[in-house]
Amino acid sequence: MSDNTITVRFFARLREELETEELNVEALPGLTAGDVLAELASRGGRWAQLQGDQPVMIAINQTMAKAGSSVQGGDELAFFPPVTGG
Amino acid sequence: MSDNTITVRFFARLREELETEELNVEALPGLTAGDVLAELASRGGRWAQLQGDQPVMIAINQTMAKAGSSVQGGDELAFFPPVTGG
Amino acid sequence: MITIQSGDFDAAAEYDALRDSGAGTGAIATFTGLVRDSGDLQGVTGLYLEHYPGMTEQVIQGLIDEASKRWDVREARVIHRVGRLALRDQIVFVGVCSAHRGDAFAACEFIMDALKTSAPFWKKEITGDREHWVEQKESDLARSQNWD
Amino acid sequence: MITIQSGDFDAAAEYDALRDSGAGTGAIATFTGLVRDSGDLQGVTGLYLEHYPGMTEQVIQGLIDEASKRWDVREARVIHRVGRLALRDQIVFVGVCSAHRGDAFAACEFIMDALKTSAPFWKKEITGDREHWVEQKESDLARSQNWD
């Protein structure tokens, strides 16, 4: 995929509380993972927690990333709570 | 056992080279494991290795001990090379 | 080999596979994590594990590769279960075979510690009809950072 | 449980026994040592292991007791074989179950390291019709002293 949309996925507590598994955002030039997070948080309500007290982890194309990492069309961006496996 | 003899046992390379599994020595007052070792080494020939270059480990009543540890009648004294299990 | 599955696993079969994995093997270290019968909440009756398919396998393969750079690793096997688990169920298996004892222990413990803090699994504790997402433990993060 | 035996052992049965060993178990670490197909001499075809019956069990029990003082140990099982062993045979098993991962790893590795330097076993390498007593390795002594 290399179209103009970014797939955003949510896992675990975030998936449940946002009642959203997946959504698409438009890939603007120079966009970062943090920009997407801020944009979604600005929806208010439960979405505000994306910039709340609890840490949100970020992966781009299934690799851990940071808020400053840039995202582009076709990327899979994921937000989730700190992992608790094993 | 609390008679007047000390059982001396040998293991592994020492047992083979001395061609002896076990022997008895008389329990004299104030005797140490090192005294027994020196006494046996003084037999000469292969026995001299008990005070040779290669380390000899000592156990008294199946517990690791030192040359200065005292031994008495009824004790089981053992001499063997450094262990190589596992 | 990395397997993510909802069913139980046979630690014995994993051990046998490690043992058969080739020449020079002198040491096999394994770790199995079980659901403890006492959790963060009183009265926990089970767990539910969610993961991020695809990323999980990729992260674990990265940990095995990293371990293989640091230590002699002849073969490593990781199994992690997902979905609903009962108390005392097996959750995770990590097994490493090596020529040397110290390498087998170190690589096995490194993979397990790093998996806890970097593989995308999330655990929910179930208490009767209530559910509760488990928060990451500081102690796990600290253990993993010891390897840096 | 400590067992010294000439026959082979079933690591799977040992694991099952550890898993069944009681409440609170969250972590099982195991180690198995195998006869490597390359020894100190070229062309080694097998090993012979001698031990000091009685003292061996006493020393290993002491190591388990020591580990139990330092770490949470719910159950520990040690098996060591003696007598004639072929290449790739299992020699030794150490398994520990604990409430916690770090404790299981540490106790298992401690018992194994200390066993190598303090339990009265002696290994002979067999090369065709020649035999050769293995000397203690400095590296084993150093590993064990790390725990002091």
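Within every chain, numbering begins at 1; the chains are lettered A, B, ... in the order of the sequence lines, protein sequences first and strands thereafter.
Contact count versus chain C (heavy atoms, under 4.5 Å) is highest, among D/Gly102, D/Ala12, D/Gly33, for D/Gly102. The candidate from C/Val94, C/Val96, C/Asp113 with the greatest count of non-hydrogen atom pairs under 4.5 Å with chain D is C/Asp113.
Under a 3.5 Å cut-off, the side chain of D/Arg101 and the backbone N or O of C/Glu109 do not form any donor-acceptor pair. In this structure, C/Arg19 contributes its side chain and D/Leu34 its backbone to no donor-acceptor pair below 3.5 Å.
Put simply, the side chain of C/Thr25 does not reach to within 4.5 Å of the side chain of D/Arg36, judged on heavy atoms.
At a 4.5 Å heavy-atom cutoff, C/Cys97 makes no contact with chain D through either its backbone or its side chain.
For the atom pair OH of C/Tyr15 and CD of D/Glu14, the computed distance is 11.0 Å after rounding to the nearest 0.5 Å.
Centroid-to-centroid, the aromatic rings of D/Phe31 and C/Phe105 come within less than 6.0 Å.
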